[in-house]
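Keep in mind that what you see is a predicted model, and the values were worked out from it rather than measured.
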Amino acid sequence: MHVLILGGTAEARALAGLLHGRVRVTSSLAGRVANPRLPAGEVRIGGFGGADGLAAWLREHGADAVIDATHPFAARISFNAARAAADAHVPLLALRRPGWVPGAGDDWRPVDSLEEAAAALDGLGDRVFLTTGRMGLAAFADRPEWFLVRSVDAPEAPMPARTEVLLDRGPFTVEGERELLARHGIDVLVTKDSGAAATAPKLTAAREAGVPVVIVRRPPAPPGVPVAATPEEAAAWLVSR
């Protein structure tokens, strides 16, 4: 059996590790991170050329299944995967870690886009901790606030005029996030609902500090695609076929 994992996430790497040695695994990475953590098994880096290119790859390489373990906000590749799998008559599973859930004391302001997140900053303070990734900063380019932008790789312009960039990669700790919020005098946190445990400590630190969180909801998933919440569930789906 040959399975293609559309990956780049911690869950994708964990799944590749579970399957390696049991089936042939090819993990596909988008190539947007300069030094990605590579999973077990075969690895390809770069796009496919849309849904048609992905369908052609599936046929050419004899893929028996596709597992979409991309980031929850990678909507385009997820919809391309759904179309390609249908065209190539290959079963598809989405591996999606659950989203974050607010708890007692959280002050969350849910929005549906980065543009809405920028608009939601009105009246929340002057110092913003922005953790939405290196792309999409154009939505905040005209904001007057000071921004601390944290990302794995250097962010892309345009970006806010008052910006400090912090290059760092999780996992993070609650203690470290507490210190960061205090050191930079953060008034508001802006993030996406990635659901990642490695980056969740910032939410705890924000709650403890009384810092409001503007959180971007996940985009809709392709209809009709079965979903697994953990790498173990995804592996069980695959080996049961």
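Residues forming a ring-ring contact (aromatic ring centres under 6.0 Å, His included) with F79 (at least two apart in sequence, or on another chain): none. Applying the side-chain hydrogen bond (donor to acceptor under 3.5 Å, both in side chains) test to R13 and every residue at least two apart in sequence or in another chain returns nothing. Residues satisfying the salt bridge (Lys or Arg N to Asp or Glu O under 4.0 Å) criterion with R24, sequence neighbours excluded, are E42. With sequence neighbours excluded, the residues satisfying side-chain contact (heavy atoms from CB on, under 4.5 Å) with V43 are L29, L38, P39, I45. Remark: K202 pairs with T131, T191 by the side-chain hydrogen bond (donor to acceptor under 3.5 Å, both in side chains) rule, at least two apart or across chains. Shown here are the salt bridge (Lys or Arg N to Asp or Glu O under 4.0 Å) partners of R109, two or more places apart in sequence or in another chain: D107. With sequence neighbours left out, F140 forms a ring-ring contact (aromatic ring centres under 6.0 Å, His included) with F147. Here R217 pairs with D112 under the salt bridge (Lys or Arg N to Asp or Glu O under 4.0 Å) rule; sequence neighbours left out. The side-chain hydrogen bond (donor to acceptor under 3.5 Å, both in side chains) search around E233 returns none, not counting sequence neighbours.
For T9 and R96, the side-chain atoms include no donor-acceptor pair closer than 3.5 Å. Under 3.5 Å, the side chains of H61 and T26 contain no donor-acceptor pair of N or O atoms.
Residues in residues 71-85 take part in these salt bridge (charged side-chain N to carboxylate O under 4.0 Å, His left out) pairs, two or more places apart or across chains: D52-R83, R83-D87.
Side chains of W146 and I186 form a contact here, defined as non-hydrogen atoms less than 4.5 Å apart.
The other residues sharing a hydrophobic cluster with W237 are M1, V3, I5, L15, L19, V23, V25, I67, L93, L95, L238, where clustering joins ILVMFWY side chains under 4.5 Å apart. Grouping Ile, Leu, Val, Met, Phe, Trp and Tyr residues whose side-chain heavy atoms lie under 4.5 Å apart, directly or via other members, places L6 in a hydrophobic cluster with L4, F48, L54, W57, L58, V66, I77, V90, L92, V225.
The pair R150-D168 fails the salt-bridge criterion, with no side-chain N (NZ, NE, NH1 or NH2) lying under 4.0 Å from an Asp/Glu carboxylate O.
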